[in-house]
Protein chains: 2
Amino acid sequence: MHKRDSAARLDAYEAVFTALAHAARRRVLLAVYFNGGMMSAGEIAGTFSHAWQTTTRHLQVLERAGLLSCEKKGRMRIYRIEKKRLELVKDWLDHFFRKP
Amino acid sequence: MHKRDSAARLDAYEAVFTALAHAARRRVLLAVYFNGGMMSAGEIAGTFSHAWQTTTRHLQVLERAGLLSCEKKGRMRIYRIEKKRLELVKDWLDHFFRKP
DNA sequence: CCAACATTCAGCCGTTACGCTGAATGTTGA
DNA sequence: TCAACATTCAGCGTAACGGCTGAATGTTGG
């Protein structure tokens, strides 16, 4: 199980850091967070000037990375921020800041 | 000065998150850190299986992002980790974890 | 001075990222 | 039922990324 877990963790790092690499996706996370942690795809797309189809793809990247989860609510999709997943980044950083 | 500072900060985020987006570059930072914070380009390249010219480019990305600094020492180049710059990531994360 | 060495520079090349647009899907309200 | 709406899917072009290789640069020891 060790091997699997650490492999999974490596993939998780990969997904999370890749997701955070784009300014638009970082902005999405901030927007959702400061909107109370939940926002519909349309609201999110509305905060950007580029085509909402483009935002859709960013949302998918964030969801695949586990940084957003989404729930269908009628004809709209509500995205929720997954703060826990952001802690992966914290964990990685702690390699450098942890006291000996 | 406010405008300039915040613009610079945005660029800094961009550079840092982009640099961290690649597993090889994250590995470089960890390697340097656990080697006492300093390592020559050759030593770093030695920890990878791909051509060292490829590592060179990764090192440049990290240096441009301010995550590594480098000092010429004779015929070798010593890279030092810039922990302070890593704190930018911490700062960004704190948006989500700061107590109200 | 010169050969060996440490490293970078320049350019090729296949793959992926990200913007766009034009459908398609699925849901709601009248 | 049907039109309006919210959202995603599929495909296209361009630009960037990351691997490679073949030089070029600069430094050292003998």
Side-chain angles (χ1 to χ4, degrees), chain A residues 10-32 35-36 38-81, chain B residues 10-32 35-82:
Chain A
L10 284 183
D11 287 350
Y13 280 148
E14 186 65 18
V16 168
F17 278 105
T18 299
L20 294 182
H22 198 284
R25 291 190 291 260
R26 292 195 298 278
R27 248 189 67 188
V28 166
L29 292 178
L30 287 171
V32 173
N35 204 55
M38 296 176 67
M39 241 171 137
S40 75
E43 285 178 300
I44 297 170
T47 69
F48 286 94
S49 54
H50 52 230
W52 29 272
Q53 290 97 324
T54 298
T55 301
T56 290
R57 206 154 45 188
H58 284 309
L59 293 176
Q60 289 170 344
V61 172
L62 287 165
E63 191 179 5
R64 257 181 267 125
L67 291 166
L68 290 180
S69 62
C70 124
E71 174 197 358
K72 296 184 70 167
K73 198 83 179 180
R75 66 177 141 182
M76 51 178 70
R77 220 163 272 220
I78 309 293
Y79 283 92
R80 175 187 289 118
I81 195 166
Chain B
L10 284 184
D11 287 350
Y13 280 148
E14 187 65 18
V16 168
F17 278 106
T18 299
L20 294 182
H22 198 283
R25 291 191 290 261
R26 292 195 298 278
R27 248 188 69 187
V28 166
L29 292 178
L30 287 171
V32 174
N35 204 56
M38 297 176 66
M39 241 172 138
S40 76
E43 285 178 299
I44 297 169
T47 69
F48 286 94
S49 54
H50 52 229
W52 29 272
Q53 290 97 324
T54 299
T55 302
T56 290
R57 206 154 44 187
H58 285 309
L59 292 177
Q60 289 171 345
V61 172
L62 287 165
E63 191 179 6
R64 257 182 267 125
L67 291 166
L68 290 180
S69 62
C70 123
E71 174 197 359
K72 297 184 70 167
K73 198 83 178 181
R75 66 177 141 182
M76 51 178 69
R77 219 162 273 221
I78 309 292
Y79 283 92
R80 174 186 290 119
I81 195 166
E82 294 292 332

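Atom set for the values below is all heavy atoms of this structure, side chains included, hydrogens, waters and symmetry mates excluded.
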- Show your working on side-chain contact (heavy atoms from CB on, under 4.5 Å) between F17(A) and H22(B) and close with a plain yes or no. CA-CA 8 Å; F17(A) 278 105; H22(B) 198 283; over 6 Å; no

- Message: I'd like to know if the side chain of T54(A) reaches the main chain of H50(A), judged simply by a donor and an acceptor atom lying under 3.5 Å from each other, with no hydrogens or angles considered.
- Response: no

- Item | Donor-acceptor contact below 3.5 Å, side chain R80(A) vs main chain M39(A) | no

- Query: For DNA chain D, which nucleotides open and close the run of contacts to chain B, 5' to 3', at under 4.0 angstrom from a non-hydrogen atom?
  - Reply: dG18(D) to dT28(D)

For residues 59-79 of chain A, dump all side-chain donor-acceptor pairs below 3.5 Å to protein atoms at least two apart in sequence or in another chain.
{"unit_1": "S69(A)", "atom_1": "OG", "unit_2": "E82(A)", "atom_2": "OE2", "d": "2.7"}

- Message: So Y79(B), base contact, sugar-phosphate only, or nothing? Heavy-atom distance under 4.0 Å.
- Response: sugar-phosphate

- Message: Under 4.0 Å, heavy atom to any atom of DNA chain C: which of residues 19-30 of chain A qualify?
- Response: H22(A), R25(A)

- Item | Full working for side-chain contact (heavy atoms from CB on, under 4.5 Å) between R26(B) and L30(B) | CA-CA 6 Å; R26(B) 292 195 298 278; L30(B) 287 171; 5.5 Å; no

- Task: Compare every heavy atom of I81(B) with every heavy atom of L29(B), then report the nearest pair and how far apart it is.
- Result: O-CD1, 3.6 Å

- Task: Go through residues 61-77 of chain B and report each residue with a non-hydrogen atom lying under 4.0 Å from DNA chain D, sorted by number.
- Result: G74(B), R75(B)

- Report yes or no: does T47(B) contribute a side-chain atom to a donor-acceptor pair with the main-chain N or O of I44(B) at less than 3.5 Å? yes

- Can you tell me if R25(B) uses its side chain to pair, donor with acceptor, with the backbone of H58(B) under 3.5 Å? no

- Item | Smallest separation among heavy atoms of A21(B) and E14(A), with atom names | O-OE2, 4.2 Å

- DNA chain C-proximal residues of residues 50-58 of chain A, any heavy atom under 4.0 Å: H50(A), A51(A), Q53(A), T54(A), R57(A), H58(A)

- Item | Five-pair end axes of the helix from dC1(C)-dG30(D) to dA30(C)-dT1(D), angle between them (10°) | 30°

